[in-house]
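Below, read A as the first sequence line, B as the second, and so on, with proteins coming before strands; counting in each chain starts at 1.
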There are 2 protein chains.
Amino acid sequence: MAEAVNIKRLAQELNISIATVSKALNDSYEISLKTKNRVWNLAKELNYTPNPAASNLRSNKTKTIAVVIPCVANNFFSLSIKGIEEIARQYGYHVLIYQTHENIEAEITFTNSLLNGRVDGILTSVSSSEYNSEYYTKLVKKIPLVFFDRVYDNLDAVRVTTDDYEIAFQATEHLIEAGCTKIAYLFGLENLPAGKARFAGYQDALKAHGIAFIEQLVVKYHDDEESNLQQIKELLGNYKPDALFSSIEEFIIPAYCACRELDLQIPNHVKVLSFSNLSTAKLLNPSLTTISQPAFEIGREAAKCLFKILNNKQLDDEQDIILKSVLIKRESTGC
Amino acid sequence: MAEAVNIKRLAQELNISIATVSKALNDSYEISLKTKNRVWNLAKELNYTPNPAASNLRSNKTKTIAVVIPCVANNFFSLSIKGIEEIARQYGYHVLIYQTHENIEAEITFTNSLLNGRVDGILTSVSSSEYNSEYYTKLVKKIPLVFFDRVYDNLDAVRVTTDDYEIAFQATEHLIEAGCTKIAYLFGLENLPAGKARFAGYQDALKAHGIAFIEQLVVKYHDDEESNLQQIKELLGNYKPDALFSSIEEFIIPAYCACRELDLQIPNHVKVLSFSNLSTAKLLNPSLTTISQPAFEIGREAAKCLFKILNNKQLDDEQDIILKSVLIKRESTGC
DNA sequence: TTTAATTACGTAAACGTTTTCGCGTATCCG
DNA sequence: CGGATACGCGAAAACGTTTACGTAATTAAA
């Protein structure tokens, strides 16, 4: 609808060729500083900005990356995106967002739609519904891709994760030191390396302290809020655990609600601890002991890696970048 | 890096022209069903997807919209994005995200970068730092744009908002009915219509109940967390309000912390109420009375409006869509 | 002085689509 | 049977860039 200011227009007004204009705009060594300045000035004057479609088509560079995640309405992911965006801005890149809602089919549909040159690269935290290794094995060969937090193992791709095993081990020890001997585990991400690592950290910490692992104390996450609440209530009622270790943030509300409904006091009757990036954890009743992942830094780091790849910079040989989570002790575990 | 499957390739394999292939792919009436089926089958077989850049360049349609917001790491906005994305998927659109971090210059830079055909339209919730009416007056003439929640008034553009004035009035009445007479106001978004409406609702409710408005009971939001805490502490210490009415979520943590540090019990000594979409409001200590905006629906509604515009559908004459917020009474106001 | 190298710019093709226009064949009606 | 109509398809231009290559003028080297 505007008056179409493009390279041709600039060329006409300056009486030079469009090739010269293009090169000047891209600061090519072939063009004299004098000409460059004429072009730059006019471009600014006319508010010229290059047409991205034309530029993409010719150069095969989109200056765009995609972020494929389960959901933005989650503290971890929204913070990650914030980190990603910050880096993307530094590099002058645009950011597309795709939410899979934990649906692997949506995930595949989205990523497939990105392979035709829509983006230069992908950042993803995969869905937990299924572990489709074959698909990603092929995918990483077709487009630069960096996994963060929820990753696929054994692939030729960079992974940015946290010390899930170690921090889960440490958190479990914290519960044990607080006197707990019947620690229930609220199990999320069971199909993914992160979920498995957290669970292993929990199990190994029990073992290291001579506590038997009891299968009945494990509750697996369901998509449905109500059913999680029910499960936890049954767990609390039937097996009387003295602690709930939640491996994902989504269990917090049902866990707290279950305790209230059963008149169980936290932390007196049951201690609670959860992986979480809730900013209001310290304001909960009682304040919640959390394992806080460096979500913002994970986003930044993952984006940095992707841009290194896109700029053909050497990655510091390491394909795995592991950031440290932190255990923040609060009232829900008696601190 | 792949083996380049494009229209030309399809045309060669089927021994027809690229024009026919293109038309068949777009389900043109000019092409026989027989030919269409041949094309569709081969396209599926070869995993053909059209090159977006080429398509954009020629057709001036990007199938992409931009969302420009202050920050994704905020319950309201992340929920809005979720709603936007849902609608965008239905229409087969892609979604670009831009975070202004309340910086109007970033906002202008971003939106300007979208005017050269990168997107078909924009959804935005503007930054609170400044009210630059002149800029947006020009902008809405250049590209389809829908405002949501944080809008500009008196512009020829669709606005999706909530009943800020009414709900703030109602919330203030709730505090008054709970016995409060010295209700402090934590003032956010003061440059924007939403902020002004909320403040007006508060003031008018006071007036309606014969309570004098006291300037000293108003605290204005600062970017810096620590200074908000200090301000609230001074407010509580110097003027002894019996209620805090927060117009934005960002005041919740400093408000709660200030009360704790000053040993003021909520709701006994001071009642607290806030605009907020915190999912954990009911778990806070004490549980927080909130004005919850229908963030998800706002996102959906705004996106729907934009797509109506993009499809040249008649908008139901109304430029303003106003959704209802809901006051959820909890312990922090004595319920 | 001749030749080679460099500098500064232009020509034109190419990227993969969409779309206008036109053309031949088949169908229909009088 | 002649003319009009519709149908199905192809040729080619166009979208706005980037870039390989050519070229003329200038400078440096021999």
*For residues B/Asp156 and B/Gln319, is any side-chain donor paired with an opposing acceptor at under 3.5 Å?*
yes
*First locate atom CG of A/Leu14, then atom OG1 of A/Thr20, and finally report the distance between them rounded to the nearest 0.5 Å.*
10.0 Å
*With a distance cut-off below 6.0 Å to the six-membered ring centre and an angular limit of 45° from the axis, does A/Arg150 pair with A/Phe77 as a cation-pi contact?*
no
*Return the residues of residues 50-64 of chain B meeting this criterion: a heavy atom under 4.0 Å from some atom of DNA chain D. Order them by number, or give none.*
B/Leu57, B/Arg58
_Test: side-chain hydrogen bond (donor to acceptor under 3.5 Å, both in side chains). Region: residues 52-76 of chain B. Which pairs qualify, not counting sequence neighbours?_
B/Thr62-B/Asp120, B/Asn74-B/Glu250, B/Asn75-B/Glu249
_Just to be sure I understand the rule, does B/Lys23 reach a base, reach only the sugar-phosphate, or reach nothing, if contact means heavy atoms closer than 4.0 Å?_
base
*To the nearest angstrom, how far is A/Arg9 atom CZ from D/dT17 atom C1'?*
17 Å
*Between A/Ile65 and A/Tyr93, what is the shortest heavy-atom contact and its length?*
CG2-CD2, 3.7 Å
*Full working for side chain to side chain donor-acceptor pair (under 3.5 Å) between B/Tyr135 and B/Asn112*: CA-CA 10 Å; B/Tyr135 177 73; B/Asn112 277 339; 2.8 Å; yes
*Stretch residues 13-21 of chain A: residues that reach within less than 4.0 Å of DNA chain D through a heavy atom*: A/Ile18, A/Ala19
*Can you spot which of A/Ile97, A/Leu114, A/Val126 makes a side chain to side chain contact (heavy atoms under 4.5 Å, CB included) with A/Val68?*
A/Leu114
*Using 4.0 Å as the upper bound for N to carboxylate O, is an ion pair formed by A/Arg89 and A/Glu85?*
yes
*Give me the bend of the helix from C/dT1-D/dA30 to C/dG30-D/dC1, using the axes of the five pairs at each end, rounded to 10°.*
40°
*Just how far, in rounded Å, is C1' of D/dC7 from NZ of B/Lys36?*
12 Å
*Would you please confirm or rule out a distance under 4.0 Å between OP1 or OP2 of D/dT17 and any side-chain N or O of A/Tyr48?*
yes
*Carefully, step by step, assess B/Ser129 and B/Glu102 under the rule side chain to side chain donor-acceptor pair (under 3.5 Å).*
CA-CA 6 Å; B/Ser129 64; B/Glu102 308 286 4; over 6 Å; no
*Listed in order of residue number, which residues of residues 26-35 of chain A have a non-hydrogen atom at under 4.0 Å from DNA chain C?*
A/Glu30, A/Ile31, A/Ser32, A/Thr35
*salt bridge (charged side-chain N to carboxylate O under 4.0 Å, His left out) between B/Lys138 and B/Glu134, worked out*: CA-CA 7 Å; B/Lys138 288 186 216 150; B/Glu134 312 88 69; over 6 Å; no
*Separation of A/Lys8 atom NZ from D/dT17 atom P, in whole Å?*
11 Å
*Provide, to the nearest angstrom, the distance between the CD1 atom belonging to A/Ile7 and the P atom belonging to C/dT11.*
15 Å
_Test: side-chain hydrogen bond (donor to acceptor under 3.5 Å, both in side chains). Region: residues 43-53 of chain A. Which pairs qualify, not counting sequence neighbours?_
A/Thr49-B/Asn116
